[in-house]
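Read the structure below first, then the notes.
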Amino acid sequence: MKTLTITQPDDWHVHLRDGPALVRTANDIARWAHRAVVMPNLAPPVVNVAAAEAYRDRIISALTPENRHFDPLMTLYLTDNTSAAEVARLAESSTVHAIKLYPAGATTNSAAGVNDLSSLYPVFEAMEKHDVPLLIHGEVTDSEIDIFDREKVFIDRHLGPLVERFPGLRVIFEHITTEEAVAFVVAARNGVAATITAHHLLYNRNDMLVGGIRPHFFVYPS
């Protein structure tokens, strides 16, 4: 095989937002993608199956007729109050497919994110039991950690132990940006994967800092 033709790809990480912007974002993605994994960090966040299904209805309603083929794959926002019972409800849903972990304070609309992973072990056990994937925004938020080391420290402190403790849990390490993240995923057990945001690879910290700060070149984690 010398060529691979993708007739209609999927997008494994998309932010469609909500409200007036949704008509634009939903149709932009639907013009080229068949499916997309929709991030749940709205304000307020999508924390249960009922909210995710309602959000999906709003996405579908925003699509123009020629884009009604589009299939949004919904996710839930993991909080310190997420329950094993909600995981079981997700497992019964045909439209909600995963749970997203944001460390509290790490990125856009992450104030409701996770503060203590160990308190959520019963949730991870339920996800393992019901084969619900965990999507991870991987960075620490400690002020003493250099901002460019946040992803690496997250791996050492949290991701490595989590993957080991729950050997049946499917984990997707999202939009990885460091050599250490690539090495971790390549060496990890079955059931651990990653996504890479292609346009993040076009620029580095020189593009952001040399000659003055260009904040739109900054992405989380870095």
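All values reported here derive from a predicted model rather than from experimental measurement.
- Atom-to-atom distance recorded for Arg165:CZ and Glu128:CD is 10.5 Å, nearest 0.5 angstrom.
- Contacts classified as ring-ring contact (aromatic ring centres under 6.0 Å, His included) and involving residues 43-92 (residues at least two apart or in different chains) are given here: Tyr77-Tyr102.
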Evaluate side-chain contact (heavy atoms from CB on, under 4.5 Å) for Asn67 paired with Ile29, printing each intermediate quantity in order.
-> CA-CA 9 Å; Asn67 290 326; Ile29 195 76; over 6 Å; no
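- The pair Arg214-Asp207 does not count as a salt bridge, with every side-chain nitrogen at least 4.0 angstrom from each carboxylate oxygen.
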May I have the step-by-step check of side chain to side chain donor-acceptor pair (under 3.5 Å) for Asp28 and Thr25, ending in yes or no?
-> CA-CA 5 Å; Asp28 278 351; Thr25 57; over 6 Å; no
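- Across every non-hydrogen atom of Ala62 and Ala26, the tightest pair is CB-CB, 4.4 Å.
- Here the side chain of Arg68 pairs a donor or acceptor atom with the backbone of Leu63 at under 3.5 angstrom.
- No chain of hydrophobic side-chain contacts below 4.5 Å, direct or via other Ile, Leu, Val, Met, Phe, Trp or Tyr residues, connects Trp12 to Val171.
- Cluster membership check: Met39 does not share its hydrophobic cluster with Val46, using side-chain heavy-atom separations under 4.5 Å among Ile, Leu, Val, Met, Phe, Trp and Tyr.
- Taking each heavy atom of Leu169 and Phe124 in turn, the nearest pair found is CD1-O, 4.2 Å.
- For the pair Asp57 and Ile60, the minimum side-chain heavy-atom distance is 4.5 Å or more.
- Note on Leu90: it clusters hydrophobically with Leu42, by side-chain heavy-atom contacts below 4.5 Å among ILVMFWY residues.
- The CD1 atom of Ile176 lies 9.5 Å from the OG1 atom of Thr197; values are rounded to the nearest 0.5 Å.
- Taking each heavy atom of Ala104 and Gly113 in turn, the nearest pair found is CB-O, 3.7 Å.
- Atom CG in Asp142 sits 12.0 Å away from atom CG in Asp149 (nearest 0.5 Å).
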Dump the intermediate steps for side-chain contact (heavy atoms from CB on, under 4.5 Å) on Leu76 and Thr82, then the final yes or no.
-> CA-CA 9 Å; Leu76 299 190; Thr82 300; over 6 Å; no
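- Note on ring orientation: taking the six-membered ring where Trp is involved, the planes of Phe154 and His158 are tilted (angle from 30° to 60°).
- Met74 and Ala52 get closest at one heavy-atom pair: CE-O, 3.7 Å.
- Here the rule is side chain to side chain donor-acceptor pair (under 3.5 Å) with Asn115, and of Thr141, Thr79, Asp80 only Asp80 fits it.
- Residues His13 and Lys100 form a side-chain contact, since some pair of their non-hydrogen atoms from C-beta on lies under 4.5 Å apart.
- Using a 4.5 Å heavy-atom threshold, the side chains of Val37 and Val14 count as separate.
- Within a 6.0 Å radius of CD in Glu164, no more than 12 heavy atoms belonging to other residues, nucleotides or ligands are found.
- Exactly one residue among Val47, Leu78, Val49 makes a side-chain contact (heavy atoms from CB on, under 4.5 Å) with Glu86. That residue is Val49.
- You'll find the side chain of Ile136 reaches within 4.5 Å of the side chain of Leu159, heavy atoms only.
- The line from CD of Glu53 to CZ of Arg89 is 11.0 Å long, rounded to the nearest 0.5 Å.
- Counted within 6.0 Å of CG on Asn206, heavy atoms from surrounding residues, nucleotides or ligands total more than 12; the atom is thus considered enclosed.
- Enclosure of atom CG in Leu202 by more than 12 non-hydrogen atoms of other residues, nucleotides or ligands within 6.0 angstrom is indicated.
- The backbone N or O of Arg58 lies less than 3.5 Å from no partner atom in the side chain of Ser61, so there is not a single donor-acceptor pair.
- Smallest separation of non-hydrogen atoms from Pro72 and Val38: CB-CG2, 3.8 Å.
- Connection of Val185 to Ile172 is not established within any shared hydrophobic cluster, with ILVMFWY side chains joined at heavy-atom distances below 4.5 Å, either directly or through further cluster members.
- The CG atom of Leu135 sits 9.0 Å away from atom CD1 of Ile99, with the distance rounded to the nearest 0.5 Å.
- Residues Thr95 and Leu73 have side chains not in contact (no heavy-atom distance under 4.5 Å, counting atoms from C-beta outward).
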Can you check side chain to side chain donor-acceptor pair (under 3.5 Å) on Asp71 and His34, steps first, answer last?
-> CA-CA 6 Å; Asp71 183 14; His34 173 59; 5.5 Å; no
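- In this structure, the side chains of Lys152 and Arg157 stay at 4.5 Å or more apart for every pair of heavy atoms.
- Counting heavy atoms from C-beta outward, Thr75 and His97 have side chains that stay 4.5 Å or more apart.
- Val140 and Leu101 end up in the same hydrophobic cluster when Ile, Leu, Val, Met, Phe, Trp and Tyr side chains are linked at under 4.5 Å.
- Shortest non-hydrogen contact noted between Asn41 and Thr108 is ND2-O, 3.0 Å.
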Go through the steps to decide whether Phe217 and Leu209 satisfy the test side-chain contact (heavy atoms from CB on, under 4.5 Å), and finish with yes or no.
-> CA-CA 9 Å; Phe217 285 137; Leu209 297 173; over 6 Å; no
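- Atom-to-atom distance recorded for His137:NE2 and Phe173:CZ is 9.5 Å, nearest 0.5 angstrom.
- Annotation for Glu92: atom CD does not count as buried by contact number, only 12 or fewer foreign heavy atoms lying within 6.0 Å.
- Using a 4.5 Å cut-off on side-chain heavy atoms (C-beta onward), Tyr203 and Met208 make no contact.
- Within the 3.5 Å criterion, the main-chain N or O of Asp131 finds a donor-acceptor partner in the side chain of Arg170.
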Could you give me the CA-CA distance, side-chain angles and deciding distance for Thr178 and Glu151, then say whether side chain to side chain donor-acceptor pair (under 3.5 Å) is met?
-> CA-CA 7 Å; Thr178 60; Glu151 189 172 71; 2.5 Å; yes
